[in-house]
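Please read these numbers as outputs of a predicted model, since none were measured by experiment.
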Amino acid sequence: MADRITVIGWDGTPLTEAAAAALAAATLVAGAPYQLKALPVPAGAERIALGSIQLAARRIAEHRGAAVVIAEGDPGFFGVVRTLRRPEYGLELEVLPAVSSVAAAFARAGMPWEDAQVVSAHGGRLRRAANICRAHPKVAVLTAAGAGPSELALMLHGVHRTFVVCEALGTPDEDVTVLTSDRVADHIWRDPSVVLVIGGSSAGGPGGGPRSGGAAGEAAGWLAGRPVGYPGPDRGWALPTDTYTGTGRAPGASDTLPAHVRALVLARLGARPGDLVWSVGAGSGALAVEAARFGAAVVAVEADRSACARLAVNARRYGVEVETVHGHGPDVLGELPEPDAAVVETGGPDVVRAVLSRRPERIVAVARTLAEAEEVRRTIADAGYRADGALLQSAPLLAPAGAPGTPPGGDAHGLRLGVGDPGTFLLWGEQKA
């Protein structure tokens, strides 16, 4: 192993005294070609152009002498330090960071970023990075060859965002371009770059930050990022039905599933950041909003225009992004991006079959009758999924009869059961390994 290994973060500014001294004493220097050309690498030092960090790490482990690895900005932030620290290489590092490329990008844009999500599109993760951009109003994306601004914009087709594309940060060729997402794919960009993706209903004006108050606003100013499942104005999930705006498609009829049913649906969906969830027949959007509160990107399909409007109100209340598509399930699903999970709240076997044709990892469906439940279960199983289901029923606990003024819950010894609901048939499926 090298006698000393120093990882230097370089942002284009003059090296610190410690970094300059480490570089001057190096007998092996690894870095990008432009870095090796721009910095004063000792004439006798072995040079390694960083393509594969794994190959460079193995060579450094074999080297005898002082090794320096040059990285962009802060090498411990989505940088080479993670790879170099793997146990199989046995390397002990001294890290001398500079300003991270993400911090530099937000600085160039003149925006705060403690409330931003930061994702990497490296390693085939472009689709998941795009889903984070769907779900959050302020995201920094570290791009890669084949997963750059143009590809990201195409993944977000139909979702309006502002792109701040930062190329060659800290170099004489630095360039910062601001475009709407529909124009990004028309340009040729250099790789890699940092892209700030800004916008959405919960972005707060020109600064791109969350509005004051609400879920995102409460997080800003004291806690970095936007935590998964941040509670917003109401803690928890599977909230009471009356928490959501809207009374249903017909007068007096609720289009929101009971809380205990939503709890099981959310558990079976397993929504997480980077996932895209379809909610088909979404009604006023209780399930769609709660899936979004777990950090997933959500597309809600609903045929009733008034329900779509109520869904938008509920999404704004909880400070989440939910893309609403007006239309009937089978008619519009072909235009939607690929789902990781899906819930069919209304529509029956035909809609379930259409959703399954897009091969989500997980699906949950609501059936109205036992016969429909059996057909849905068979449809899920025939598609090659592990299928299961349950009939969910509940009854409220009431205070003792004839006890005016009794607080909710009443006497533990005098509780009685209220009239139960007729039950909900819930079916679910998961792709076989």
Side-chain angles (χ1 to χ4, degrees), residues 5-23 26 29-41 47-54 56-57 60 67-86 91 93-123 125 129 132 138-145 147-149 152 163-178 189-198 208 224-225:
I5 305 168
T6 306
V7 182
I8 298 174
W10 187 51
D11 57 8
T13 60
L15 294 176
T16 64
E17 184 177 342
L23 183 60
V29 180
Y34 82 90
Q35 295 169 328
L36 297 176
K37 181 179 179 180
L39 292 171
V41 177
R47 296 177 178 223
I48 298 177
L50 276 182
S52 167
I53 300 174
Q54 289 86 350
I60 292 169
V68 165
V69 179
I70 303 168
E72 291 185 353
D74 182 352
F77 187 72
F78 285 99
V80 299
V81 169
R82 178 175 295 279
T83 299
L84 294 175
R85 290 285 297 180
R86 287 181 182 174
L91 303 179
L93 311 177
E94 179 185 6
V95 180
L96 304 176
V99 174
S100 75
S101 57
V102 174
F106 277 108
R108 300 298 189 273
M111 296 171 60
W113 66 287
E114 77 279 351
D115 54 342
Q117 301 294 307
V118 182
V119 296
S120 172
H122 292 240
R125 295 184 177 89
I132 294 292
K138 185 188 289 186
V139 183
V141 182
L142 301 172
T143 66
L152 180 62
F163 275 46
V164 181
V165 183
C166 303
E167 302 173 280
L169 285 170
T171 74
D173 298 324
E174 177 180 304
D175 195 14
V176 178
T177 307
V178 181
W189 307 98
R190 288 169 284 176
D191 292 314
S193 58
V194 179
V195 182
L196 309 183
V197 183
I198 310 298

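- Between Phe163 and Val197 the shortest side-chain heavy-atom distance falls below 4.5 Å.
- Residues Ile8 and Val69 fail the side-chain proximity criterion, which asks for heavy atoms closer than 4.5 Å.
- Taking OG1 from Thr16 and CG from Leu23, the interatomic distance works out to 10.5 Å, rounded to the nearest 0.5 Å.
- When all heavy atoms of Gln35 and Ile70 are compared, the closest pair comes out as OE1-O, 3.4 Å.
- When all heavy atoms are compared, the tightest approach of Ser101 to Leu169 is O-CD1, 3.5 Å.
- At least one side-chain heavy atom of Leu91 sits under 4.5 Å from a side-chain heavy atom of Ile60.
- At least one side-chain heavy atom of Thr177 sits under 4.5 Å from a side-chain heavy atom of Trp189.
- How far CG of Asp11 is from CD of Glu72: 10.0 Å, rounded to the nearest 0.5 Å.
- Side-chain contact annotation: Asp173 with Thr171, donor-acceptor N/O pair under 3.5 Å absent.
- Atom-to-atom distance recorded for Arg86:CZ and Leu84:CG is 9.5 Å, nearest 0.5 angstrom.
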query: Yes or no on side chain to side chain contact (heavy atoms under 4.5 Å, CB included) for Leu142 and Val194, after CA distance, side-chain angles and deciding distance?
result: CA-CA 5 Å; Leu142 301 172; Val194 179; 3.8 Å; yes

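- Leu36 and Gly31 make their closest contact through CD1-O, 3.7 Å (heavy atoms, listed as atom of the first residue, atom of the second, distance).
- Between Glu167 atom CD and Thr143 atom OG1 the span is 9.0 Å, to the nearest 0.5 Å.
- Closest heavy-atom contact between Ser120 and Arg125: O-CB, 3.8 Å.
- Relative orientation of the Trp113 and Phe106 rings is parallel, given thresholds of 30° and 60° on the angle between their planes.
- What you find for Leu196 and Ala105 is that their closest heavy atoms are CD1-O, 3.7 Å.
- Closest of all the heavy-atom pairs between Pro149 and Val165 is CG-CG1, 3.8 Å.
- By the 4.5 Å heavy-atom criterion applied to side chains, Pro112 and Lys138 are counted as neighbours.
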